[in-house]
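Heads up: the structure comes next, in structure tokens.
When a ligand or atom number is given, it counts from 1 through the structure's own listing order.
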Amino acid sequence: MSTRKFAVIGHPIGHTMSPFIHQRLFELADEKGNYTVLDIAPQELSEKMNVLNELSGYNITIPHKQTIIPFLDRLDKKAALYGSVNTVRNGTVREGFTTDPDGFLKALAYGGIPFRGNVVIVGCGGAARTFVYEAALAGCCITLAARSPGKAASLAKEVTQKIPQTTIQSCLIDDLQGEFDLLVNATPVGMYPKTDTVPVSDRVLSHCRNVFDAIYNPLETVLIQKAQANGSAAVGGMSMLVWQAVAAHEIWDSSVYSADDINQLIEDSAKELKKKF
Ligand code: NAP
């Protein structure tokens with residue numbers, strides 16, 4: 001079997017963990033794949049499509065998750081709903097998928113965190129879109145908290161238009177109050193190198209039963225540490241990063257992995273990240 005070519009595209013994309021994770025997933029599935037990193041600036045995307053079309057598949061990160069869409073022939077159901085693509089399979093047609101939702105749901109399961117009840121999502125950028133849509137599909141009662149009221153209200157309106165039975169309210173982060181079954185951090189607050197920051201106050205956090213922080217660098221943010229100190233279940237973003245990569249291999253090769261292998265890969269990815277930083 002010849003070695004097929006894959007890549008991740010983004011800009012900037014210096015410290016990505018993707019080659020480490022995907023190369024291991026090819027090995028675990030006994031598939032031959034060569035996975036590289038392509039730094040493509042926004043204005044270069046169109047001219048680089050001939051290179052991308054030669055690949056068997058590729059992953060997409062910021063800032064191309066939306067702008068790639070016009071270059072594809074077809075979107076799967078969730079990519080179309082979200083208007084966002086992070087995985088492409090090149091075959092007779094070029095098909096776009098989003099594996100972030102699968103990564104998020106598996107990460108919650110990995111952390112033993114139920115996805116129901118009152119859920120607060122902090123931030124309203126790309127990652128928050130995944131979390132809000134999934135919370136709506138799961139029938140959660142959603143609070144969307146952001147630093148600017150306009151963006152949160154507009155995302156809440158969009159989700160309600162697409163999933164009409166959604167229960168959702170929006171507010172400023174500083175105005176957050178109430179009891180929450182789950183708090184999801186979808187902001188970069190607490191991310192390397194500004195690791196001593198937290199997205200919500202201690203008061204808000206003390207009313208959250210479970211916490212998911214999308215940040216994976218550091219592996220344990222101050223938010224996670226504080227939540228654990230409160231006795232809450234808390235899980236960081238590394239497991240989501242690995243599980244969304246697993247979903248890409250299911251799309252490319254129908255690969256099947258054991259939970260033990262993926263749990264080991266999450267641990268090894270954490271060690272690899274520590275080596276890098
Ligand atoms: P994004 O599209 O840039 O959105 C970031 C959001 O955070 C925006 O709503 C932004 O508000 C808000 N924000 C930024 N700084 C803030 C501050 N100081 N206080 C309050 N809100 C602030 O980024 P993203 O792609 O959604 O990523 C968000 C985080 O999730 C990053 O840490 C990223 O690494 C992580 N992530 C992890 C995974 C994973 O697999 N684990 C996947 C995707 C993302 P404005 O809109 O007002 O600017």
Side-chain angles (χ1 to χ4, degrees), residues 8 10-18 20-22 25 42 59-67 82-87 98-111 113 120-134 143-156 158-159 170-176 183-201 204 211-224 234-248 262 265-266 269-270 273 276-277:
V8 56
H11 182 80
I13 194 164
H15 294 296
T16 176
M17 288 290 295
S18 293
F20 177 85
I21 295 170
H22 285 282
L25 288 169
N59 295 122
I60 297 142
T61 186
I62 292 169
H64 303 303
K65 284 185 174 188
Q66 281 86 38
T67 48
Y82 288 40
S84 177
V85 167
N86 78 341
T87 299
T98 178
T99 66
D100 284 336
D102 204 52
F104 171 55
L105 297 177
K106 296 252 175 61
L108 289 182
Y110 172 83
I113 293 178
V120 56
I121 292 150
V122 185
C124 57
R129 290 177 68 80
T130 299
F131 306 144
V132 173
Y133 272 102
E134 286 306 312
T143 300
L144 183 55
R147 62 179 171 183
S148 79
K151 282 188 186 172
S154 130
L155 179 54
E158 176 194 316
V159 173
S170 59
C171 70
L172 288 174
I173 297 171
D174 289 343
D175 294 341
L176 261 177
L183 177 140
V184 179
N185 178 31
T187 76
V189 181
M191 190 167 78
Y192 178 88
K194 291 186 182 167
T195 54
D196 57 348
T197 51
V198 277
V200 295
S201 68
V204 170
V211 171
F212 175 79
D213 195 338
I215 293 173
Y216 54 85
N217 185 14
L219 297 162
E220 281 196 354
T221 56
V222 174
L223 179 74
I224 295 275
V235 67
M238 183 55 86
S239 53
M240 174 175 165
L241 190 70
V242 171
W243 279 111
Q244 59 82 29
V246 169
I262 300 309
L265 179 54
I266 293 168
S269 302
L273 185 82
K276 281 189 180 207
F277 290 86

Of all the non-hydrogen atoms in the protein, which one sits nearest to atom 14 (C) of ligand 1, and at what distance? Pro188 CD, 3.4 Å

Please confirm whether Gly103 comes under 4.0 Å of ligand 1, counting heavy atoms of the residue only. no

Contact check, Asp100 vs ligand 1, heavy-atom distance below 4.0 Å: no

Non-hydrogen protein atom less than 4.0 angstrom from atom 28 (C) of ligand 1: yes

Please check this pair: side chain of Thr197 against backbone of Lys194, looking for a donor-acceptor N/O pair closer than 3.5 Å. yes

Rounded to the nearest 0.5 Å, what separates atom CG in Leu265 from atom CG in Leu25? 5.5 Å

I need the Ile21 CD1 to Ile266 CD1 distance, nearest 0.5 Å. 9.0 Å

For atom 44 (C) of ligand 1, closest protein heavy-atom neighbour: Ala127 CB, 3.7 Å

Honestly, for Ile173 the part within reach of ligand 1 (heavy atoms, under 4.0 Å) is side chain

Considering non-hydrogen atoms only, spot the tightest contact between Ile215 and Gly190 and give its length. CD1-C, 3.9 Å

Atom pair OG (Ser269) and CD1 (Ile262), whose distance is rounded to the nearest 0.5 Å: 9.0 Å

Quick one: look at Ile62 and ligand 1, take heavy-atom pairs under 4.0 Å, and tell me if it's side chain, backbone, both or neither. side chain

Which protein non-hydrogen atom lies closest to atom 38 (C) of ligand 1, naming both residue and atom, and how far is it? Ala214 O, 3.9 Å

Met191 N/O to ligand 1 N/O under 3.5 Å: no

Kindly confirm or rule out an N or O of Ala128 lying under 3.5 angstrom from an N or O of ligand 1. no

Please determine, by modelled atom types, if Asn86 and Asp100 share a side-chain donor-acceptor pair under 3.5 angstrom. yes

Minimum-distance protein heavy atom relative to atom 9 (O) of ligand 1: Cys124 N, 2.9 Å

Between Lys151 and ligand 1, which residue portion shows a heavy-atom distance shorter than 4.0 Å: side chain, backbone, both, or neither? side chain

Give a yes or no on whether the backbone of Phe131 and the side-chain of Glu134 come within a donor-acceptor separation of less than 3.5 Å. no

So, 4.0 Å and heavy atoms of Ala186: is ligand 1 close enough to count as a contact? yes

Any donor-acceptor N/O pair, Arg147 side chain to Leu172 backbone, under 3.5 Å: no

Got a protein heavy atom sitting under 4.0 Å from atom 21 (N) of ligand 1? yes

Heavy-atom distance under 4.5 Å between the side chains of Leu183 and Phe212, does that happen here? no

When every non-hydrogen atom of Val122 is compared with those of Pro199, the smallest separation belongs to CG1-CB, 4.3 Å

Minimum distance, heavy atoms only, to atom 17 (C) of ligand 1: which one of Val189, Leu241, Thr221 is it? Val189

To which of Arg147, Gln244, Met240 does the heavy atom nearest atom 16 (C) of ligand 1 belong? Arg147

Compute whether any side-chain donor of one residue and acceptor of the other, for Asn217 and His15, lie under 3.5 angstrom apart. no

If hydrogens are left out, which of Gly237, Ser239, Gly125 has an atom nearest to atom 8 (C) of ligand 1, that is, the closest non-hydrogen atom? Gly125

